[in-house]
Amino acid sequence: MAVAASHAYRPHLPGVESLRAYAAFAIVIFHVIHLTQAPVPHSLEFMKLFFGYGVPLFFVVSAFSLAYGYEGKLSTKAQTAEFYLRRVLRIAPLYYLAVAVQLMSIKAQGYDMPSLGDIALSLGFVFNMSPHIVDGIAPASWSIGVEMLFYAAFPLLLAIATTLPRAIFLTAIFAAGAVAYAIVGSKLKVNPSFVVHGVAFNLPYFGFGLIAFQLFRLTPARLGSYLTFGALALTVVAWAVAPIFTRPDAGVYRNVLYMAAWGAPFGLLCLGMALRPPGVLSNPVTQLLGKISFGVYLAHPQVIFGLSRLGVYDAIQRLPGGSGITFPLAVLVTSAAVIPLAWGLFVFVETPGIQMGRRIARRFVPSRSTAVEPAVAA
């Protein structure tokens, strides 16, 4: 599918919006399992590990949507400054609120407060580079640290990955860097989270998003549904071969390459959903949930903690019927609390930040045609 001229308006991609919903709720389910110790039916045991890949899916979608929205639009200093401004104002309001809520929660529960230095690293979006606070202050915010460092490099990466071969080459470099980073981290015995949640470890996912964008420029729209279902089949294959690459004797490099390789089906899924998404996978409901996915992602840990303190999950687990009843009910109750909260955050926190970014951006490049506003990936 040909991309519109560099300075022309680019239409919204509803299929990509829907992918954000699937990524967000995969992570919600993943955390319901691990934060509440909810029993999971045997047939759904795969969710314990593989739904954690919702974050890499966010990273792939992020790189794709940014490339789609900004390709050809970062050629001047003013445009680049505008990009950074809009990214900060897209992320900061809700992220800072999440940090503030967590700090108040820590204080209220009598735990030790983070140091002023750690708070400064968090507010400056560079906490991901510190081994002892790589996961951030706000729950699940480690991915925000990765995203912001990717944003910092994005104009340069977009200038490099201008063709499909160059995007593939860049991704191969990212993959080699991830392997080297993991091997060095393993030998130095650093905090494991500093490895798997570090930006170097996760760069291959962004690379696959850039590859997907280059393929998007070359692929007929009529192939969208076929590519989407083909990508879903590849994710099943990736799940099935996991024991080969993740067993203890597989070695660090095989394990890391396997994890990075999940970017391939995710990139293909992003491509198919961008071209012509199947209606069963992209519809008004999934698109709405995708629009509020940032709020879903940052709010859901606090919702889970709150419901846990109220004894909701304990009460659910005491119900008759076993995990086949209690697990779906726990996910449903969590989602019922998260969705309206995320919508309110989108309306009253995220949207004002987006609008402010647009208003200020007009002062930088007043004559430019409006580009797609890529939603945050996590």
Side-chain angles (χ1 to χ4, degrees), residues 23 26-27 30-31 34 48-64 66 91 121-122 125-154 156-157 160-161 167-212 235 238-239 241-242 244-248 250-267 270 297 376-378:
I27 298 163
F30 180 80
H31 284 149
H34 291 280
K48 287 185 175 181
L49 173 62
F50 293 100
F51 271 33
Y53 280 100
V55 173
L57 176 56
F58 265 132
F59 291 156
V60 173
V61 170
S62 175
F64 177 91
L66 285 173
I91 300 295
L121 289 174
S122 296
F125 297 108
V126 291
F127 61 91
N128 189 264
M129 302 174 71
S130 175
H132 73 281
I133 197 174
V134 63
D135 289 328
I137 292 175
S141 65
W142 70 268
S143 65
I144 306 301
V146 172
E147 280 278 354
M148 294 302 283
L149 293 176
F150 170 70
Y151 292 162
F154 176 73
L156 175 61
L157 298 178
I160 294 172
I168 293 173
F169 180 69
L170 183 64
T171 304
I173 293 176
F174 287 162
V179 171
Y181 177 69
I183 291 175
V184 171
S186 177
K187 290 185 179 297
L188 295 178
K189 301 186 184 303
V190 300
N191 176 7
S193 287
F194 189 60
V195 176
V196 297
H197 291 171
V199 65
F201 190 89
N202 290 281
L203 278 177
Y205 301 123
F206 295 104
F208 279 110
L210 296 175
I211 291 173
T235 61
W239 164 72
V241 303
I244 300 173
F245 297 96
T246 60
R247 63 176 188 261
V252 174
Y253 77 94
R254 288 184 182 177
N255 187 269
V256 174
L257 287 178
Y258 168 76
M259 294 175 70
W262 274 82
F266 289 162
C270 192
Y297 181 81
V376 65

Quiz prompt | Pairs touching residues 172-199 that satisfy side chain to side chain donor-acceptor pair (under 3.5 Å), sequence neighbours left out | solution = Asp135-Ser193, Asp135-His197
Quiz prompt | Modelled atom types, side-chain donor and acceptor of Tyr297 and Ser143, under 3.5 Å | solution = yes
Quiz item: Ser130: what forms a side-chain hydrogen bond (donor to acceptor under 3.5 Å, both in side chains) with it, not counting sequence neighbours?
Solution: His132
Exercise. Taking side-chain hydrogen bond (donor to acceptor under 3.5 Å, both in side chains) as the test, write out the residues that go with Tyr253, two or more places apart.
Key: none
Once you round to the nearest 0.5 Å, how far does [atom1] of [X] lie from [atom2] of [Y]?
X: Leu149; Y: Ile144; atom1: CG; atom2: CD1; answer: 11.5 Å
X: Phe64; Y: Ile211; atom1: CZ; atom2: CD1; answer: 12.5 Å
X: Phe50; Y: Trp262; atom1: CZ; atom2: CH2; answer: 5.5 Å

Name every donor-acceptor pair, under 3.5 Å, that has one atom in a side chain of residues 202-210 and the other anywhere in the protein, sequence neighbours excluded.
| from | atom 1 | to | atom 2 | distance (Å) |
| --- | --- | --- | --- | --- |
| Asn202 | ND2 | Val196 | O | 3.1 |
| Asn202 | ND2 | Gly198 | O | 2.8 |
| Tyr205 | OH | Met259 | O | 2.8 |

Practice problem: Examine distances only and state if a side-chain atom of Asn255 and a backbone atom of Ala250 form a donor-acceptor pair shorter than 3.5 Å. | Solution: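 Absent.
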Exercise. State which residues pass salt bridge (charged side-chain N to carboxylate O under 4.0 Å, His left out) with Arg247; sequence neighbours excluded, sorted by chain then number.
Key: Asp249
Exercise. Sequence neighbours left out, what passes side chain to side chain contact (heavy atoms under 4.5 Å, CB included) with Phe30? Give chain and number order.
Key: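 Partners of Phe30 under the side chain to side chain contact (heavy atoms under 4.5 Å, CB included) test: His34, Phe51.
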Exercise. Would you please classify the geometry between the Tyr258 ring and the Phe245 ring as parallel, tilted or perpendicular, with 30° and 60° separating the classes?
Key: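 The arrangement is parallel - the two ring planes meet at less than 30°.
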